[in-house]
Amino acid sequence: MPPVYLTSTYVQSTPGGHKGYEYSRTHNPTRTALEKSLASIEDGTTGLCFGSGMAAIDAVLKLLEPGDEVISTNDLYGGSYRLFTKVFAHYGIRFHFVDMQNPEAVAEKINNKTKLIWVETPTNPMLNIVDIQAIHKLTEEKEILLAVDNTFASPYLQQPLTLGADIVMHSATKYLGGHSDVVLGALVVRDEQLADRLAFIQNASGAVCGPMDAYLVLRGIKTLHVRMQRHCENGKDVATFLANHPNVKKVYWPGFEDHPNHNIAKTQMKDFGGMLSFVPVDDSLQAATKIVENLKVFTLAESLGGVESLAGHPASMTHASIPKEEREKSGVVDGLIRLSVGIEDIDDLITDLQQAIG
Ligand SMILES: Cc1ncc(COP(=O)(O)O)c(C=O)c1O
């Protein structure tokens, strides 16, 4: 097992004479082991770990300068939206949010100030799929970085660097950790210069993860493939159950053949994952609240990607920082319920949903 180096500083034999480790904000052997593991499973060359997914995104945004422009998706994770609009917009960076399912909408916003395209796919919580290769074509031969938040898919289902992305980002808090016991973020890249710039920011800003957290994610990665297989199997069964339920109006899951981007999901992902969202026939806030309160096996909580099933109410929880008008445009209505389907016995999950929905 990789040792957990609970070490802040390292012996030097002579000033500057060390064995690769000087101070743990810059490097720590347990973090290095995780960074190498992540680079390997994302088919990249350099991994960089941070104290949270948001800290990893923050590091990418620090590559930019005032006047630069960013294009992102209009149903972005609420925390990313908040970081973009409430923090980096104040530093003179301009953000455009478009329907990224349509690459044309992205192309329309590209100009010579565009420096970053921030993709999330599948999106949180609408499970829209963005065609990474199509967006990559728009950035080719331009000085535009393409970053993909791969949190929902995990590297088991999708490897954005192989599809043309320059940067892949993870909230390792989710599927990579897998047990809801750690908060950690990661970036993986292939380009050496980009890796150096990001490593500089990682050290200069100092938002690194601790060694124990790195160890927990390393342990999670060992079972990622087995857990993902079960998340996908259970996700499919829950999506099918909900789609056939008379009290359910709409289910969002990319595995359905009539999902608008099913074919893209099929080509860029290995399977369809364990995340889905649904709206009950009574799509009022009260009805959705009652369903999530009634659940017994699914736990009402923020976050996703752990072995235990979770239910969330995006409008009041994860996406509360997006104005109602904005979020409703992308489908995040008051009645929407998001499920992170865990790896429990599928009969227990279906029975729980049945009793909660009625
Ligand atoms: C898609 C997505 N990206 C980024 C994040 C932020 O990650 P963290 O909570 O580890 O900071 C989350 C967290 O929910 C997420 O769902």
Side-chain angles (χ1 to χ4, degrees), residues 34 38 42 47-61 70 72-88 97 100 116-130 132 147-155 157-158 160 165 167-188 202 205 207-210 213-214 216-217 220-221 231 252 254 269 273-277 299-306 308 310-322 327 330 332 336 338-341:
L34 175 60
L38 286 165
E42 276 293 4
L48 296 160
C49 291
F50 297 83
S52 68
M54 293 319 303
I57 302 174
D58 180 88
V60 175
L61 271 286
V70 179
S72 193
T73 172
N74 61 3
D75 65 337
L76 190 63
Y77 165 59
S80 309
Y81 180 86
R82 181 175 54 197
L83 180 68
F84 292 176
T85 58
K86 297 274 185 339
V87 179
F88 282 98
F97 298 97
M100 276 203 170
L116 174 69
I117 298 187
W118 187 270
V119 171
E120 200 182 288
T121 183
T123 62
N124 177 7
M126 297 314 296
L127 281 304
N128 289 322
I129 302 293
V130 178
I132 299 171
V148 177
D149 183 337
N150 203 25
T151 299
F152 260 44
S154 89
L157 294 180
Q158 173 175 284
I167 303 173
V168 53
M169 175 263 152
H170 278 282
S171 169
T173 314
K174 312 295 173 355
Y175 286 108
L176 290 170
H179 296 75
S180 309
D181 54 7
V182 61
V183 172
L184 192 144
L187 301 175
V188 181
Q202 182 196 38
S205 288
V208 293
C209 60
D213 292 347
L216 285 172
V217 176
I221 288 172
H231 282 297
Y252 299 92
M269 295 170 74
M275 295 302 301
L276 58 97
S277 293
T299 304
L300 175 61
E302 303 248 350
S303 203
L304 61 109
E308 304 87 2
L310 298 183
H313 181 247
S316 62
M317 294 166 70
T318 44
H319 290 64
S321 52
I322 303 180
R327 66 170 163 77
S330 59
V332 186
L336 189 81
R338 189 190 77 180
L339 299 181
S340 169
V341 181

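For the numbers below, each heavy atom of this structure counts, side chains included, while hydrogens, waters and symmetry mates do not. Everything numeric here is computed off the predicted structure, so don't read it as measured data. Numbering of ligands and ligand atoms starts at 1, following listing order.
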* Tell me, do Ile117 and Met100 make a side-chain contact under 4.5 Å, heavy atoms counted? -> yes
* For ligand 1, is Lys174 a contact, meaning one of its heavy atoms is under 4.0 Å away? -> yes
* Are any of the side-chain heavy atoms of Asp75 and Phe97 separated by less than 4.5 Å? -> no
* To do: Identify, by atom number and element, the atoms of ligand 1 in contact range of Asp149, meaning under 4.0 Å from any of its heavy atoms.
  => 1 (C), 2 (C), 3 (N), 4 (C)
* Atoms in ligand 1 with a heavy atom of Asn124 nearer than 4.0 Å -> 16 (O)
* Thr121 and Ile132: side chain to side chain contact (heavy atoms under 4.5 Å, CB included), yes or no, with the steps? -> CA-CA 8 Å; Thr121 183; Ile132 299 171; 3.8 Å; yes
* Nearest non-hydrogen atom to atom 5 (C) of ligand 1 belongs to which of Phe50, Tyr77, Phe152? -> Tyr77
* pair Phe84-Trp118: side-chain heavy atoms closer than 4.5 Å -> yes
* Taking the side chain as every heavy atom from C-beta outward, state whether Leu310 and Leu304 have any atom pair closer than 4.5 Å. => no
* Asked: Is any N or O atom of Met54, backbone or side chain, closer than 3.5 Å to an N or O atom of ligand 1?
  -> yes
* **Derivation and outcome, side-chain hydrogen bond (donor to acceptor under 3.5 Å, both in side chains), residues Glu42 and His170** => CA-CA 10 Å; Glu42 276 293 4; His170 278 282; 2.6 Å; yes
* Would you say Ile57 and ligand 1 have an N/O pair spaced under 3.5 Å apart? -> no
* Asked: Taking both backbone and side-chain atoms of Ser80, is any N or O found less than 3.5 Å from an N or O belonging to ligand 1?
  -> no
